[in-house]
Amino acid sequence: MIQKRILSGMRPTGLLHLGNLHGALGNWVELQESGKYDCFYFVADWHAITSEYSSTECIKDNTLNMLIDWLAAGLDPKKSTLFVQSAVKEHAELFLLLSMITPLAWLQRNPTYKEMQAELTSRDLSTFGFLGYPVLQAADIIMYKAYGVPVGVDQLPHIELTREIARRFNFLYKEVFPVPEPLLTSVPKLLGTDGRKMSKSYDNSIYLSDRGKELHRKVASMFTDPQRMRKKDPGNPDICNVFTFHGIYSPAETVAEINQACRVAGIGCIECKKMLASRIEESLAPVHERMDYYQNHLQEIHDIIADGNGRAAKIARQTMEEVREAIKI
Ligand code: TRP
Ligand code: SF4
């Protein structure tokens with residue numbers, strides 16, 4: 001059976017948190033384990049420069065750390081191709097060629113462009129590269145003739161643009177590119193310790209790498225049912241983030257017990273959180289084991305990436321030959 005190729009990428013912006021693990025990354029591992037797809041996953045380090053151009057010194061370390069997180073989470077270089085965008089220079093060539101055929105209006109009306117610019121006010125994002133972000137993303141995707149792109153809803157506008165760019169190329173020159181489909185990741189809503197969206201920039205994240213005292217400290221600081229001031233007040237698990245986490249990390253009986261006990265003040269939040277921290281730690285044990293292994297075998301990561309970069313580059317070179325022939329250049 002020929003497996004359909006799928007491809008996805010992440011910007012190396014720092015340590016991955018539990019929101020990432022139960023969202024995009026977990027989905028990547030599942031797709032890999034399904035055996036149905038030829039999976040390509042890459043670190044979008046050039047994309048990181050679009051917003052971090054004035055302080056690029058962390059990108060390399062973040063790339064390595066993200067690869068460690070990926071391997072720890074269960075991405076398996078024997079099953080998936082893991083590579084780094086900047087190692088496959090063909091992405092830059094395809095980006096350039098696609099930029100020639102992409103109407104400015106498509107980029108200017110891109111909702112993520114407007115949102116990011118409004119959000120990241122601390123940086124000047126009125127650059128050519130930032131506007132062209134989705135063109136580079138389109139190059140990443142169609143380079144590998146990916147059939148599907150596993151992403152969260154926030155990336156849908158970029159996939160739609162990729163589809164339009166692929167169609168335009170095919171129409172202007174030659175049918176080189178399949179038009180890729182988004183493979184939507186449904187993400188359980190894991191909020192940060194302060195009840196807002198879990199995000200590095202809010203300093204409310206529980207990281208994949210958190211364990212022991214640090215993990216217990218963070219879980220102990222989690223917001224709960226705001227109406228529950230004292231232990232003798234009954235609580236409402238339906239509006240408690242700690243309870244949502246139990247839903248993921250604890251066995252069904254425990255979840256049912258907490259659900260009942262909380263409502264009649266039969267369990268206190270401190271105890272409930274201690275249980276949760278232990279469950280998270282238990283469930284992350286294999287992740288931490290792999291993390292320790294790779295941290296002590298960094299050379300192995302370099303070998304894995306060299307191999308993945310090579311596999312990716314081979315396809316990229318073939319695609320670029322077809323592209324140059326289609327454009328007659
Ligand atoms: N824009 C994506 C994000 O911020 C990262 C990305 C870059 C990507 N190139 C890609 C995702 C290609 C999927 C396919 O999450
Ligand atoms: Fe939340 Fe648990 Fe406290 Fe109930 S007992 S409010 S579920 S932390």
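Counting starts at 1 for both ligands and their atoms, in listed order. Reckoned from all heavy atoms, side chains included, excluding hydrogens, waters and symmetry mates.
- Close contacts between ligand 1 and Gln155 involve ligand atoms 1 (N), 2 (C), 3 (C), 4 (O), 15 (O) [criterion: under 4.0 Å to a heavy atom].
- The nearest heavy-atom contact from the protein to atom 9 (N) of ligand 1 is Asp140 OD2, 2.8 Å.
- Within the structure, the ring pair (Phe, Tyr, Trp, His ring centres under 6.0 Å) test picks out the following pairs touching residues 274-319 (sequence neighbours left out): Tyr293-His297.
- Atoms of ligand 2 lying under 4.0 Å from at least one heavy atom of Arg228, given by number and element, are 3 (Fe), 4 (Fe), 5 (S).
- Set against the non-hydrogen atoms of Tyr133, the atoms of ligand 1 under 4.0 Å away are 1 (N), 2 (C), 3 (C), 4 (O), 5 (C).
- Applying the 4.0 Å criterion to heavy atoms of Val149 picks out, from ligand 1, the atoms 13 (C), 14 (C).
- Distances from atom 2 (Fe) of ligand 2 under 2.8 Å pick out these protein N/O/S atoms: Cys272 SG.
- Residue-level proximity to ligand 1 for Ile141 is carried by the side chain, the only part with a heavy atom below 4.0 angstrom.
- Through side-chain heavy atoms spaced under 4.5 Å, either directly or across other Ile, Leu, Val, Met, Phe, Trp or Tyr residues, Val153 is tied to Leu156, Leu184.
- For the pair Lys4 and Tyr147, the cation-pi criterion (under 6.0 Å, within 45° of the ring axis) is fulfilled.
- In terms of protein heavy-atom proximity, atom 8 (C) of ligand 1 is nearest to Gln137 NE2, 3.5 Å.
- For the pair Arg11 and ligand 1, the shortest N or O to N or O distance falls below 3.5 Å.
- Each of the following atoms of ligand 1 lies closer than 4.0 Å to a heavy atom of Ala44: 7 (C).
- Under 4.0 Å is where a charged nitrogen must lie from a carboxylate oxygen, and between Arg324 and Glu93 at least one such pair does.
- Remark: aromatic rings of Phe83 and Tyr144 are close, center separation under 6.0 Å.
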Enumerate, atom names and distances included, each donor-acceptor pair closer than 3.5 Å involving a side-chain atom of residues 53-60, sequence neighbours excluded.
| unit_1 | atom_1 | unit_2 | atom_2 | d |
| --- | --- | --- | --- | --- |
| Tyr53 | OH | Asp124 | O | 2.5 |

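- A donor and an acceptor atom, one from each side chain of Asp233 and Gln227, are nowhere located under 3.5 Å apart.
- Contact check on Glu214 versus Arg217 returns a salt bridge, with a Lys/Arg side-chain nitrogen under 4.0 Å from an Asp/Glu carboxylate oxygen.
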Taking it one step at a time, do Met222 and Phe245 satisfy side-chain contact (heavy atoms from CB on, under 4.5 Å)?
CA-CA 11 Å; Met222 282 171 81; Phe245 272 77; 3.5 Å; yes

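- Scanning the protein heavy atoms around atom 5 (C) of ligand 1, the nearest turns out to be Gly9 O, 3.6 Å.
- Inspection of the Asp45 and Ser86 side chains reveals an N or O donor paired with an N or O acceptor under 3.5 Å.
- Inclusion of Ser8 in the set of residues having an N or O under 3.5 Å from an N or O of ligand 1 is not warranted.
- The cluster map of Ile, Leu, Val, Met, Phe, Trp and Tyr, joined by side-chain heavy atoms under 4.5 Å apart, puts Leu21 and Val43 in the same cluster.
- Between His47 and Phe42, the ring center distance fails the sub-6.0 Å criterion.
- For ligand 1, the atoms sitting less than 4.0 Å from at least one non-hydrogen atom of His47 are 7 (C), 9 (N), numbered in the order shown with element in parentheses.
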